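FYI, side chains are in, hydrogens and waters are out, and symmetry mates aren't considered; it's all heavy atoms of this structure. All chains are named by letter (A, B, ...) in the order of the sequence lines, taking the proteins before the strands, and each is independently numbered beginning at 1. Note that the structure is a prediction, hence the values are computed from the model and not measured.
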Amino acid sequence: MDSLTSILGAISHPSRRAILGRLARGPARVTEIAEPFDMSLNAVSKHLKVLEEAGLVRREVQGRDHYIELRGEPLRAVSAWVHGFEKFWTQHLDRFEAHFKEKRKKP
Amino acid sequence: MIPDIAIKTYELRIQRTIPASPAETFDGWLDKSNPGTPWCEAEADEVILEPKVGKLFFFARSKDDGRRFPHYGRFTAIDRPHRVSYTWMSPFTRGLESVVTVTFQKKGEDTLLTLTHANLPDDDFGHLHEGGWKQLLDAIAEGFVPRHA
């Protein structure tokens, strides 16, 4: 399984996207992550494991607490892929349009 | 037996108003000295451009890190000053022959340029184009400040 496939698999579940949304605000303990969701700690841990395997979150152990932190880089790669062609043409058309604007300005 | 390798595809469409006549805009699009064209010599390497039906274009783009991205295509329609269509293959089309069509419509003193890029691979990513996904990815990717990047 390549990394994009594992990332997409990880974010295909609405609960895992909600967890990522929560972590975008900052690192949190597992119990804090579970709090707003109607899910058992066990279920949250399973989701976190999938996210961890996809490289989307990182776990840091401080004493008895496990802090979970978002790693945004893999998502950036997916986002760039999705937008790739649109970005390519938008940037080209910007320059194409600008060129003709300049040309029209000249007498 | 031919393996099932059907790949889901998608199409994107972008419109722009260009401050020039359709003929000027059309000619500009097929001119490799014109900024913003995909084969603009100032923006790509090794440009080959023969805009005639059945003929080809080629150019390569190189990233700062040395990666090189060759692009190939074949002109399938040239109808001055209304429409130009060509196939488009690059590392990003994953072996698919995608199709770009650009139309030029008169709009007062200007030209409405419509670019469609069809048959783009959407296999693993099809669901990303459905509502909300892009926004979600953007929000998360942009809101995040990498600490370990």
Side-chain angles (χ1 to χ4, degrees), chain A residues 1-14 16-27 51 55-58 60 69-106, chain B residues 10-21 24-25 28-29 31 33-40 42-43 61 71 88 90 92-93 98 100 102 109-111 113 115-117 120-129 132-134 136-149:
Chain A
M1 191 158 65
D2 66 30
S3 63
L4 269 177
T5 307
S6 75
I7 296 162
L8 287 164
I11 60 176
S12 67
H13 196 289
R16 289 198 286 269
R17 292 201 295 277
I19 291 171
L20 291 176
R22 162 66 187 87
L23 292 173
R25 289 189 274 129
L51 292 170
L56 289 166
V57 303
R58 206 175 75 96
E60 200 174 314
E69 185 181 45
L70 179 68
R71 292 190 67 243
E73 281 310 309
L75 283 178
R76 227 185 280 274
V78 176
S79 186
W81 199 95
V82 173
H83 294 280
F85 287 104
E86 208 169 324
K87 195 167 142 195
F88 177 87
W89 289 119
T90 301
Q91 288 174 344
H92 276 78
L93 289 171
D94 283 349
R95 292 196 291 274
F96 190 74
E97 187 184 342
H99 168 74
F100 281 100
K101 271 188 180 155
E102 276 302 306
K103 223 172 152 183
R104 181 169 278 183
K105 267 195 224 159
K106 288 175 191 162
Chain B
Y10 78 102
E11 177 177 316
L12 71 84
R13 187 166 176 271
I14 302 175
Q15 285 195 315
R16 279 305 168 90
T17 301
I18 306 296
S21 71
E24 284 171 308
T25 310
W29 193 256
D31 179 353
S33 69
N34 202 108
T37 62
W39 27 69
C40 174
E43 300 169 18
R61 278 163 195 276
H71 291 66
W88 181 275
S90 75
F92 309 106
T93 67
S98 66
V100 178
V102 190
E109 289 188 349
D110 302 330
T111 299
L113 183 156
L115 185 145
T116 53
H117 198 161
L120 288 167
D122 203 17
D123 45 0
D124 286 346
F125 305 93
H127 53 290
L128 288 169
H129 299 279
W133 275 93
K134 277 187 180 181
L136 173 96
L137 285 168
D138 281 349
I140 295 176
E142 284 165 18
F144 179 74
V145 183
R147 295 178 194 189
H148 309 285

Classify the angle between the aromatic ring planes of F96(A) and W29(B) as parallel (below 30°), tilted (30 to 60°) or perpendicular (above 60°). perpendicular

Side chain, backbone, both or neither: which part of [X] has a non-hydrogen atom closer than 4.5 Å to chain A?
X: E109(B); result: both
X: T17(B); result: backbone
X: R13(B); result: neither

For the pair F100(A) and R16(B), evaluate side chain to side chain contact (heavy atoms under 4.5 Å, CB included) and give the outcome as yes or no after the intermediate values. CA-CA 12 Å; F100(A) 281 100; R16(B) 279 305 168 90; over 6 Å; no

Go through it in stages, so that I can follow the logic: the residues are K103(A) and E24(B), the test is salt bridge (Lys or Arg N to Asp or Glu O under 4.0 Å), and I'd like the CA-CA distance, side-chain angles, deciding distance and then a yes or no. CA-CA 11 Å; K103(A) 223 172 152 183; E24(B) 284 171 308; 5.3 Å; no

Exactly one candidate in E97(A), H99(A), H92(A) meets side-chain contact (heavy atoms from CB on, under 4.5 Å) with P35(B); the answer is H99(A)

